[in-house]
There are 2 protein chains.
Amino acid sequence: MAQRNILQFIILGLIHERPLTGYDLTKAFDNDIGEFWSAKHSQIYPQLKTLEAKALLTHTDEVTGEKLTRKRYTITETGQALLNQWLRAPTPESHNGKDEFVLKLYFIQQQNDPRLRPMLIEQLMLHEQRLNHLTQQLTTKFPTGANATDFGHFLILTHAVRRERDYTVWLQDALHQL
Amino acid sequence: MAQRNILQFIILGLIHERPLTGYDLTKAFDNDIGEFWSAKHSQIYPQLKTLEAKALLTHTDEVTGEKLTRKRYTITETGQALLNQWLRAPTPESHNGKDEFVLKLYFIQQQNDPRLRPMLIEQLMLHEQRLNHLTQQLTTKFPTGANATDFGHFLILTHAVRRERDYTVWLQDALHQL
DNA sequence: CAAAAACATGTAAATAATTACATGTATAAA
DNA sequence: TTTATACATGTAATTATTTACATGTTTTTG
C-alpha cells in the first residue's frame, strides 16, 4: 500500500538546488520548509539509501578535518525527471494538518468557561513569537520583496507570515468575545 | 516511546457531548473537526477497545432493525477527568501540517516558470470551493453568529473560514505577480 | 421489488513518523 | 587545554496512520 511518499520529492528538490549532506537535509526542516513539512533524521537517512538504490541520487565522499568523511548527495538526471513529474502533476487536496489547540477549543462549549482565557492567551503568545520570527526571516531573506530567481521561496514565506498573522488576529478576536 | 495519542482525547471529547457509535465517530472527521484532525475507522475501532479496557468509556448495545446491534459509547467519570486534564494542560506548539502544494512552490525558483500559473489556478479553485463550503457551514450552523453554548465550535469554524479565505487571497496575489 | 448507498464493525498489512539508542569528529566557547 | 556544541551518520523500537480486506444490516433510491 504505497502512499505517496512526498519526502522523496522534497529530498530531490532540495539537492536539486545544490548537493547536500544528510545532516543538511535534516536541518532544512528547522527552517522555512519546516513550516510546511516535517521529517526527522531517522527517516531521512534510510530514505537517502532507498533513493540512491533507485538511482535518483548519488553521493560523493568528501573529507572534513582529519578523519571524517561526509556524504554529499547530488540528484541524477533520473531524479530530476521524477522531480519535474511531481511538480507538474496535479496536487491532491490537502488535509490541513493537526491542530491540537483547535480541537481543545471545539470541546469547550460555554463562552464563559474559565478555561478559555488562559488557553487563548497562551496560544496568542506562541503565535506572536512565531509571527515575529517569520516576519524577520522574510525581511532578512527578501529585503526588497519578491525577486525573480527565488520566487517560490518568497511565496511560501509570505504564506507562513500571513498564516501566523491571521491566527494571531483570530485569537485576539476570540479573547475580545469573552 | 509513547507519543501523545491525541486521538483518545478527541474520542473522549466527542462522546462527552453525547454517546456515539464507532461509525458516528468516524463520520465526525468528515465534518468540522476534520479541518483540524484526521483519523480512519481502522484506527478508531481499536482505540475504542483500548479506551474501554482502561475504563475511560463504556458501551451499550442497542438494537437496530431486526438483527443488527450497534455499540454506543459513553464517557465514564474517569474519562471525563482525563479529558478535563488534557483541556487544562498547556498545548505544545504545533507543527503546521503538511502542505504538498507549498513544498512544490518552494522548488520553483523562476518567477516566469511556466509551471506556476497552472499550479496556482488549480489550487485557487480547490480553495475557493472549500471556502464556499465552509462559509455555508458557518451560516447554516451559526445563523446569528457566536452563541454562548456552542462557542468553541463557532470559534473553530470561523478559524477554518479565515484560513481558507487567507489562502485564497494569497493565491490570487501570487497570480497577480506573474 | 431490486439495487445502491449508507450504516456498522471489525482485522491485516504496509507505510510513515517519532522516540530512543548509539558512535564518532570537528569546531566553538570557556 | 578542556568542555560544550554542532556536525555527521547510522539503527532499533515503537507508535501513528493509511490502505486493504472483509462481512453483514438497514435505509434509500430507481
Starting at atom [atom1] of [X], determine the distance to atom [atom2] of [N], rounded to an integer number of angstrom.
| X | N | atom1 | atom2 | result |
| --- | --- | --- | --- | --- |
| B/R4 | D/dT14 | CZ | P | 21 Å |
| B/E66 | D/dT27 | CD | C1' | 13 Å |
| A/K98 | C/dA16 | NZ | P | 15 Å |
| A/L7 | C/dA16 | CG | P | 9 Å |
| A/K40 | D/dT11 | NZ | P | 19 Å |
| A/H59 | D/dA8 | NE2 | C1' | 13 Å |
| B/I44 | D/dT17 | CD1 | C1' | 12 Å |
| A/K67 | C/dT27 | NZ | C1' | 16 Å |

Set of residues satisfying side-chain contact (heavy atoms from CB on, under 4.5 Å) with respect to B/H133, sequence neighbours excluded: B/Q137

A/S38 side chain near C/dA16 phosphate (N/O to OP1/OP2, under 4.0 Å):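 Checking C/dA16 against A/S38, no side-chain N or O comes under 4.0 Å of OP1 or OP2.
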
Where protein sits on nucleotides 5-14 of chain C, one letter per nucleotide: B base, S sugar-phosphate only, - none, heavy atoms under 4.0 Å: -SBBBBBBBS

Flag if over 12 foreign heavy atoms under 6.0 Å of CD, B/E62: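 Above 12, so yes.
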
Exercise: do B/D24 and B/T21 side chains pair donor with acceptor under 3.5 Å: yes

Face-on cation placement of B/R130 at B/Y167 ring, 6.0 Å and 45° thresholds: no

Aromatic ring pairing B/W86/B/F9, orientation class (parallel under 30°, perpendicular over 60°, tilted between): parallel

Salt bridge present between B/R162 and A/D173 (N-O < 4.0 angstrom): yes

